[in-house]
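Data first, discussion second: the structure below is written as structure tokens.
What's counted below: heavy atoms across the whole structure, side chains too, no hydrogens, waters or symmetry copies. Only a predicted model underlies this, so the values are computations on that prediction, with no experimental measurement involved. Lettering follows sequence order; numbering is per chain, from 1.
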2 protein chains.
Amino acid sequence: MSIEPARRVRRSPEAARENILQSAERLLLERGPQGLKLVEVAQGAGVSHATVLHHFGSIDGVQTALAEAMIRQLVARVLEAERPDDPEAQLEGVGQVLFDAFESAGGARLAAWLELTGETRRLTLVREAVAEVISGPMAQKGVDPERATNLILVAVSLAMGVGLIGRSLAELVGRPPETTREAALAFLKTGLAAAIKTEGRAG
Amino acid sequence: MSIEPARRVRRSPEAARENILQSAERLLLERGPQGLKLVEVAQGAGVSHATVLHHFGSIDGVQTALAEAMIRQLVARVLEAERPDDPEAQLEGVGQVLFDAFESAGGARLAAWLELTGETRRLTLVREAVAEVISGPMAQKGVDPERATNLILVAVSLAMGVGLIGRSLAELVGRPPETTREAALAFLKTGLAAAIKTEGRAG
DNA sequence: AGAGTTACCGACAAAAATGTCAATAGAGCC
DNA sequence: GGCTCTATTGACATTTTTGTCGGTAACTCT
């Protein structure tokens, strides 16, 4: 019985990177920032750690690439809120999608990680997304840009907070985990409606 | 010229721990979770890394102690919102203090760190604080506990989000950094007022 | 089939981070 | 002064993590 080397899987560079990044993302989300070790990432991706290095150069390379990829995802998801169906449903929808974006796939955790790591530079993507929303659906409703911006800032912050600690918080006070999200959603909805109606008289 | 050993500073155990924790906190806040290394903590505290081990046993010990200390601070600050002066000012005050608590001294960053690290267990402190607020100032205003809880969940989440990414967000869209906070505060205030007035008819 | 390209890996090397230990030096007490 | 207690430390040891390198194997093209 000779020990024969394990059969290799050979991927395209893109597929390889993608595969590795997925493993990294999983690790980041379930083990936290400190859990992002070279060997673990490699293991999770089913490759040797040398391979990871081959594709990303260094562990920092992995971090950077991961951050960029996750931001891209997040922004994409948020922008889905932009479907201008009917104005009423949309008011509801904006909140829904926004909250989803930050809650699912660890959007909030990503954002938190970026903040904590100080990786807040490459966020041009985000700025563009915000600009798009302001000049798009918001403008349609006749909300002036200044106020629209404020609303967005608040909504995103709220989504961030809910996505990050919403579930823990709720459980902490003995409520089902979705409680925070639902409460926040209702709060946001009435708040938005009020703000849009009030439009015209200055704050 | 003989090299004489540097003069030692000898502290009480409590002072020593305190000193080390301050260094750790500083590091956590400005370098992020990954920056919490034994030697760096020691250096920042002006002691050898062996000393850190002596007092905390391990690097995990440092983390745990730090988390606990910071939570204690955070809760203490939040509870300052509880001064029941006059009802009106308090409505304003709650928001102010809450936001301060999460913004200053990296309260939000701490919470984010805890979430990311999965250190969400030892939060009995937080639960007690929340309970206190619910049965205290909220009850005084005649807000029923269920709804009060929801409001708190939302407010805290919002404070969390604002504290963590508020400034970056605002700058990202070309506004002064305090914009998010102010907008959120206003939003929260009107929302709270509305919610309290509506009290009585079910949602 | 043969040749070229390169993703992939194992083994090794280097660096970084954590932890151990015996000895030293402040501080209080007699 | 001499004694005790222990916070402190440098030097060493171990473990973890990151990075290098030469060769191998999968795939494509001719």
Side-chain angles (χ1 to χ4, degrees), chain A residues 1-28 30-67 113 116-117 119, chain B residues 1-28 30-67 113 116-117 119:
Chain A
M1 284 231 201
S2 66
I3 301 171
E4 60 186 54
R7 181 176 178 75
R8 291 185 185 178
V9 186
R10 187 191 178 102
R11 291 170 243 251
S12 73
E14 300 78 33
R17 288 174 60 98
E18 172 63 23
N19 174 42
I20 292 171
L21 282 184
Q22 278 185 14
S23 164
E25 178 174 339
R26 208 179 318 132
L27 270 174
L28 173 67
E30 64 189 29
R31 290 235 229 290
Q34 353 243 33
L36 215 58
K37 307 295 183 185
L38 209 37
V39 284
E40 294 197 61
V41 171
Q43 219 166 24
V47 297
S48 78
H49 84 276
T51 299
V52 178
L53 274 285
H54 172 70
H55 284 290
F56 294 95
S58 73
I59 184 66
D60 283 322
V62 176
Q63 275 205 7
T64 304
L66 177 61
W113 174 55
L116 291 181
T117 317
E119 202 84 9
Chain B
M1 285 231 206
S2 65
I3 301 171
E4 61 186 54
R7 180 175 180 77
R8 293 185 186 178
V9 187
R10 187 191 177 102
R11 292 170 242 251
S12 74
E14 301 77 33
R17 288 175 60 98
E18 171 64 21
N19 173 42
I20 292 171
L21 282 185
Q22 278 188 13
S23 163
E25 178 175 340
R26 209 177 319 134
L27 269 174
L28 173 68
E30 64 190 31
R31 291 236 229 290
Q34 3 243 65
L36 216 58
K37 308 295 183 184
L38 206 39
V39 283
E40 294 198 62
V41 171
Q43 220 167 23
V47 297
S48 78
H49 84 275
T51 298
V52 177
L53 273 302
H54 172 70
H55 284 289
F56 294 95
S58 72
I59 185 66
D60 284 321
V62 177
Q63 276 204 7
T64 303
L66 178 59
W113 173 55
L116 291 180
T117 316
E119 202 85 9

- [ ] Calculate the interatomic distance between A:L53 atom CG and D:dC21 atom P; express it in whole Å.
- [x] 12 Å
Open item on the list: When you compare the side chain of B:W113 with that of B:L66, does any pair of heavy atoms fall below 4.5 Å?
Closed with: yes
Open item on the list: Measure CD1/A:I20 against C1'/D:dT18 and give the value in whole Å, please.
Closed with: 15 Å
Open item on the list: Rounding to an integer number of Å, can you tell me how far B:R7 CZ sits from D:dG10 C1'?
Closed with: 19 Å
Task: Rounded distance (Å) that lies between atom P of D:dT15 and atom CD1 of B:I59 - done: 19 Å
Task: Nearest heavy-atom neighbours spanning B:S23 and B:A45 - done: OG-N, 3.5 Å
- [ ] Side chain of A:H49 only, please: which of C:dA11, D:dG10, C:dG19 is the nearest?
- [x] C:dA11
- [ ] Please state how far atom CZ in B:F56 lies from atom P in C:dG19, giving the value in whole angstrom units.
- [x] 13 Å
Task: Spacing of A:L36 atom CG relative to D:dT16 atom P, expressed in whole Å - done: 18 Å
TODO: Would you kindly give the CD-to-P distance between A:Q34 and C:dA16, to the nearest whole Å?
DONE: 19 Å
Open item on the list: Can you build the contact string for nucleotides 1-7 of chain C? Use B for base contact, S for sugar-phosphate-only contact, and - for no protein heavy atom under 4.0 Å.
Closed with: ----BBB
TODO: Determine whether A:L36 and B:Q34 make a side-chain contact, defined as any pair of heavy atoms from C-beta on separated by less than 4.5 Å.
DONE: no
Open item on the list: Using every non-hydrogen atom in the two residues, find where B:I59 and B:K37 come nearest and quote the distance to one decimal.
Closed with: CD1-C, 4.4 Å
Open item on the list: B:V47 and side-chain contact (heavy atoms from CB on, under 4.5 Å): which single residue from B:H55, B:H54, B:R11 fits?
Closed with: B:R11
Task: Residue pair B:R31 / B:E40, side-chain heavy-atom distance below 4.5 Å - done: yes
TODO: Hey, which sits more toward the 5' end of DNA chain D by its nearest nucleotide, A:K37 or A:A50?
DONE: A:K37
Open item on the list: If I take atom CG in residue B:L27 and atom C1' in nucleotide C:dA17, what distance separates them, rounded to the nearest angstrom?
Closed with: 14 Å
